[in-house]
*Asks:* 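This structure is in structure tokens; I'll ask about it shortly.
Side chains included, hydrogens not; waters and symmetry mates left out as well; all remaining heavy atoms used. Just so it is clear: chains get the letters A, B, ... in the order the sequence lines come, proteins before strands, and each one is counted from 1. Since the model is a prediction, treat every value here as computed from it, not as a measurement.
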Protein chains: 2
Amino acid sequence: MILAGQRTPGPLLVLDGWLGRVQLFSDGRRQILSFLLPGDVIQDAHTFQPVAPSTITALCDAVLCPAPPAEEEGLREAYAASAALDEIHLLRQIARLGRMSAYERIQDWLSEAHERLSLAGRAGPESFPMPLTQEMLADALGLTSVHVNRTLQAMRRDGVLEWRGGAVRLRQTGTSMVPRGRPLPESAIPALRKALLAG
Amino acid sequence: MILAGQRTPGPLLVLDGWLGRVQLFSDGRRQILSFLLPGDVIQDAHTFQPVAPSTITALCDAVLCPAPPAEEEGLREAYAASAALDEIHLLRQIARLGRMSAYERIQDWLSEAHERLSLAGRAGPESFPMPLTQEMLADALGLTSVHVNRTLQAMRRDGVLEWRGGAVRLRQTGTSMVPRGRPLPESAIPALRKALLAG
DNA sequence: CGAGAACTTGAGCAGCATCAAAGAGAGTGG
DNA sequence: CCACTCTCTTTGATGCTGCTCAAGTTCTCG
């Protein structure tokens, strides 16, 4: 994990790579609580909170830098939007783990990854980079890597998924069981992503 | 659900009763994403966000009021602490759903409920009120009500649990698999709870 | 080419779901 | 005070989903 600039106590910005907030159980079980993708902000609260229920780990090579101060023009709303988005992702993760089958979880999660990477300008219209191993995916989705593997094969057989060479192509079925809210406001989030990733 | 005072657009404070943030699937599946207990604050962002992935529902008779403005002395930190706590609860819920068995989920969730109600001054040292039905619990823990029922019976047999007349008594085993962070800062949260619930 | 990590496959089992129906309470109205 | 009804809880039988264990096979990279 590369930190650009000296390590200042304060929020960090993910420039490249994927990180995860991870919880380890004392018996070895592992849960990836959420992912941090390029353009995401790591609030220092997450890292240094008195109650620290999670650790942040790099899931592949990653580049971070100190996040620019919120005082800059228009960045305050961008931070707020980013925090709101984070919470939405946590809620979606809960619904996924609580009420979806393995097949649905993977579909939904890949879908979310695609959306988020698109906002960060890191995805094509139909495909996107996937640096995770099947085991990491399993740890995020509450499954075993063996079952993730078998489910991925089923998705390939169904023509829903291609996953080769660290890139995923996902064919949307369009029949999501989950009613999504209105589409994201076009302004705030890309503003942050672009403003920050450009710098 | 009773609203004390006229309905103003703005954050609400739970004075009494339990609410839940609920996600409904189009095929009837239901997931309770999180609970709102006495002393908790409902940020209007949750209700009126452009991307509204969840709805807030009263799970039993409840009393709400507009939350006092953050400008009041010392209330700003209390709100921040409350928001941080909310996130901790979401993360804990994810770990629960992802990596715990039905037995462990119920144990851990009851444990959390006890802690939270204690902070709000609504629990005894060993027991606390439980207004939920087994089906609501199932919808929160990603199980069926039938399985919740059988698991509760197992817990009773093991002498871990008593649940009669809307009150729960939980005998802690002390062997939580999950490493918890340092204990909560004694100041901020009870400050909010008490400052707000007193008024 | 060798070694480690990641992926794949198989067999068997357990946890939890599903379906269906029968008790328990709790409130309501006659 | 007793049906009546509604919701909640409990029980049984059966089967699928996903786990476990164990052994390959392929990929990556030095």
*Asks:* Chain B on DNA chain D: first and last contacting nucleotide, 5' to 3', under 4.0 Å to a heavy atom?
*Replies:* D:dC8 to D:dA13
*Asks:* To the closest 0.5 Å, what do you measure between CG (B:L91) and CZ (A:R21)?
*Replies:* 5.0 Å
*Asks:* If you take any heavy atom closer than 4.0 Å to DNA chain D, which residues from residues 130-138 of chain A end up in contact?
*Replies:* none
*Asks:* Please evaluate residues A:S118 and A:E115 with respect to the criterion side-chain hydrogen bond (donor to acceptor under 3.5 Å, both in side chains), reporting the C-alpha separation (whole Å), side-chain torsions for both, the decisive distance (0.1 Å), and the verdict.
*Replies:* CA-CA 5 Å; A:S118 293; A:E115 289 169 21; over 6 Å; no
*Asks:* Please work out which of the three classes, parallel, tilted or perpendicular, describes the rings of A:W109 and A:W18, given edges at 30° and 60°.
*Replies:* tilted
*Asks:* Measure from the side-chain N and O atoms of A:D61 to the backbone N and O of A:V63, and report whether any donor-acceptor pair falls under 3.5 Å.
*Replies:* no
*Asks:* Kindly say whether B:F35 contributes a backbone atom to a donor-acceptor pair with the side chain of B:H89 at under 3.5 angstrom?
*Replies:* no
*Asks:* Enter the distance from A:Q93:CD to A:L90:CG here, rounded to the nearest 0.5 Å.
*Replies:* 8.0 Å
*Asks:* Indicate yes or no: at least one non-hydrogen side-chain atom of B:V22 is less than 4.5 angstrom from one of B:L33.
*Replies:* no
*Asks:* How about A:Y103 and A:D158: do any of their side-chain heavy atoms sit closer than 4.5 Å?
*Replies:* yes
*Asks:* Taking protein heavy atoms under 4.0 Å as touching, what does nucleotides 10-24 of chain C look like 5' to 3' if B marks base contact, S marks sugar-phosphate-only contact and - marks none?
*Replies:* BB----BSBB-----
*Asks:* With a 4.0 Å cutoff (strictly under), does any side-chain N or O of A:N149 reach OP1 or OP2 of C:dT8?
*Replies:* yes
*Asks:* Using a cut-off of 4.0 Å on non-hydrogen atoms, how would the nucleic acid contact of A:R29 be classed: base, sugar-phosphate, or nothing?
*Replies:* nothing
*Asks:* Got a second to check how far A:Q31's CD is from B:L97's CG, nearest 0.5 Å?
*Replies:* 8.5 Å
*Asks:* Heavy-atom distance under 4.5 Å between the side chains of B:S111 and B:R92, does that happen here?
*Replies:* yes
